[in-house]
Protein chains: 2
Amino acid sequence: MPRGERVVRSIGDDAAVVKALKLCVTTVDMVVEGVHFTLDDPDLSFQDIGWRALAGALSDIAAMGAQTGEAYMALGVPSHVSEEQALEVMLGAEQLAERTGTTIAGGDVVSAPVLLASVTVVGWAERDQRLLGREGARPGDQVAVTGSLGGRPLRPLPRLKEGRALAQAGGHAMIDLSDGIATDAFHIARASGVTVELELERLPTNEATERTAARMGVPDWNAAATAGEDYELCVCVPSKRMDRVSHAYKRVAGGADLTWIGRIVEGPAEVVLRHNGARQALRGFEHLA
Amino acid sequence: MPRGERVVRSIGDDAAVVKALKLCVTTVDMVVEGVHFTLDDPDLSFQDIGWRALAGALSDIAAMGAQTGEAYMALGVPSHVSEEQALEVMLGAEQLAERTGTTIAGGDVVSAPVLLASVTVVGWAERDQRLLGREGARPGDQVAVTGSLGGRPLRPLPRLKEGRALAQAGGHAMIDLSDGIATDAFHIARASGVTVELELERLPTNEATERTAARMGVPDWNAAATAGEDYELCVCVPSKRMDRVSHAYKRVAGGADLTWIGRIVEGPAEVVLRHNGARQALRGFEHLA
């Protein structure tokens, strides 16, 4: 359905009214000045802040394999942010909303001691559509990621169409990478009760990864594993469906390939990182040594 | 559908998945320490803060005449609030959720400089169900309110079943009273392009109103008109349906009556307050003189 056509009533009423599909997929994501971003970062505009706030929630929808629907933005605006700057935040969110086919259908604006945005996205799926969680990974599955890791794009584009393709083509489990694969893969390990083995040499990198690595003073593979804020997807796929999933991804990703970075094995709920023959097991959210 | 049965996936995945009805009714409401409440208020517990945060959003769902569904709570927790106190906030919200048949299906917890909660409620309606906005008031409509005004209950109970009954029985427009009828009625006047005439002597009061009035140092009728935080409903009803709407309300409100407090007339978008023969017109959100 074209953007906005689902929306029956919108801003100006007590609540927005939207025509539903069979399954409603909802996520909420809050970002706070001084915690998730600062206003004295010369690289980060108010529009970027709005874009990134919406991107975080949309990426959760992508990771389920659902289609995006409506966004609701609650904005807290401090006295050190002007009305014009607050509107820039909304404009940045609207730019990403337009780009992804999302309708910003409501929200709230209140005073607050710092700038903050709480973004709810309501996505949709048909009842028989495959939606992926974190709990479906099985021993024997192969693990892939989209795009390149560690690049920390200023305006990440959530992998919405890619997420739907990966789910439809038969992925078992999926998650978006917000904290870095080393940490996020542990969510899959824990929810699925499996060991996730990752080969750090295989992590996809590009020039942006190199820049992040240089800033962090670590090797590229370390930045790719731990930098976070990628908003790429990590998917677990049964071996027999690797071809089908690869092709489905390539079709929606403009010819780009998935990168296969590891496998699921029986064992304790942990992430095993392998690099040049060395092995490190993570049983929690501790940082990579 | 019993509470929770709609929920297919919940906390622990990237997003919650819920079986939808035909129309999705969504609202978001944010409350911030130092703006909407303070932690040094001896009458206000952390549980009360959670209850009230959810009540604000549920009241918007009530004002549309929709049924409640799922709530998503994004909580910002400062260092001066303990983990136990943050859990009390969630517990207070859960108490109201249970009371109203709402499922808290997801959320986010982040660090923040002050305690804050952003609550999204997703309610539901069948496609042919009447949902009321603010724009439907017509000259000749009679204006009624539920309950008593100005009492400022610590744990308000949103008028969910009453809202549905008022919408189904043929109300034209409805709003919940968060800022006080003098201010909230202006939303209806503006959205509907009509004049709302209110008789201040008729505003329903009780002992709680008297206590508020004493604290504010104003007459009861003034507290009833301006104190706010009532979470009662104001509904505009065509004259020929007054009986039907009254009976529908009485049936779900345990025998209580609506109070008829005014009427809609042709004229500029304003609220006209009448009291003992005096008349004051409000053309904006200014406070009652």
Side-chain angles (χ1 to χ4, degrees), chain A residues 6 8-9 12-36 57 59-64 66 69-70 72-76 105-114 116 118 120-125 127 131 133-135 174-176 191, chain B residues 6 8-9 12-36 57 59-64 66 69-70 72-76 105-114 116 118 120-125 127 131 133-135 174-176 191:
Chain A
R6 262 191 302 264
V8 182
R9 286 165 190 266
D13 256 309
D14 289 296
V17 181
V18 173
K19 287 179 207 157
L21 296 189
K22 296 286 166 54
L23 290 172
C24 174
V25 182
T26 305
T27 184
V28 55
D29 216 52
M30 183 148 67
V31 293
V32 179
E33 177 193 343
V35 179
H36 303 93
S59 188
D60 289 331
I61 299 293
M64 302 291 290
E70 295 72 46
Y72 302 87
M73 296 209 49
L75 214 59
D108 196 11
V109 180
V110 301
S111 298
V114 295
L116 59 99
S118 174
T120 304
V121 174
V122 178
W124 299 101
R127 188 165 293 165
L131 290 174
R134 300 167 173 184
E135 82 295 349
M174 192 152 58
I175 193 168
D176 67 312
Chain B
R6 261 191 303 263
V8 182
R9 287 165 190 264
D13 255 308
D14 289 296
V17 181
V18 172
K19 286 179 208 157
L21 297 188
K22 296 288 166 55
L23 291 172
C24 175
V25 183
T26 304
T27 184
V28 54
D29 215 53
M30 184 148 66
V31 292
V32 179
E33 177 193 342
V35 179
H36 303 94
S59 188
D60 289 331
I61 299 293
M64 301 291 289
E70 294 72 45
Y72 303 86
M73 295 208 52
L75 215 59
D108 196 11
V109 180
V110 301
S111 298
V114 295
L116 59 97
S118 174
T120 304
V121 174
V122 178
W124 299 101
R127 188 164 294 163
L131 291 174
R134 299 167 172 183
E135 81 294 348
M174 190 152 60
I175 194 168
D176 67 311

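Only heavy atoms go into these numbers, but all of them, side chains included; no hydrogens, no water, no symmetry mates. Remember, it's a predicted structure, so these values are computed and weren't measured experimentally. Residue numbers begin at 1 in each chain, while the letters A, B, ... track the order of the sequences.
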Taking every non-hydrogen atom, the tightest pair across Val28(A) and Ala74(B): CG2-CB, 3.8 Å
Please look at Val35(A) and chain B and tell me whether the side chain, the backbone, both or neither of the residue comes under 4.5 angstrom of a heavy atom of that chain. side chain
Which of Thr26(A), Val17(A), Thr27(A) touches chain B most, by non-hydrogen pairs under 4.5 Å: Thr26(A)
For chain B, the option from Gly133(A), Ala125(A), Ser118(A), Ala57(A) that forms the most heavy-atom pairs under 4.5 Å: Gly133(A)
As a test of understanding, state which of Asp108(B), Val121(B), Val122(B), Thr120(B) forms a side-chain contact (heavy atoms from CB on, under 4.5 Å) with Thr120(A). Thr120(B)
If we check side-chain contact (heavy atoms from CB on, under 4.5 Å) with Met30(A), which of these qualifies: Leu116(B), Val109(B), Leu75(B)? Leu116(B)
Side-chain donor or acceptor of Asp60(B) paired with backbone N/O of Ala15(A) under 3.5 Å: no
Val32(B) versus chain A, heavy atoms under 4.5 Å apart: side chain, backbone, both or neither? side chain
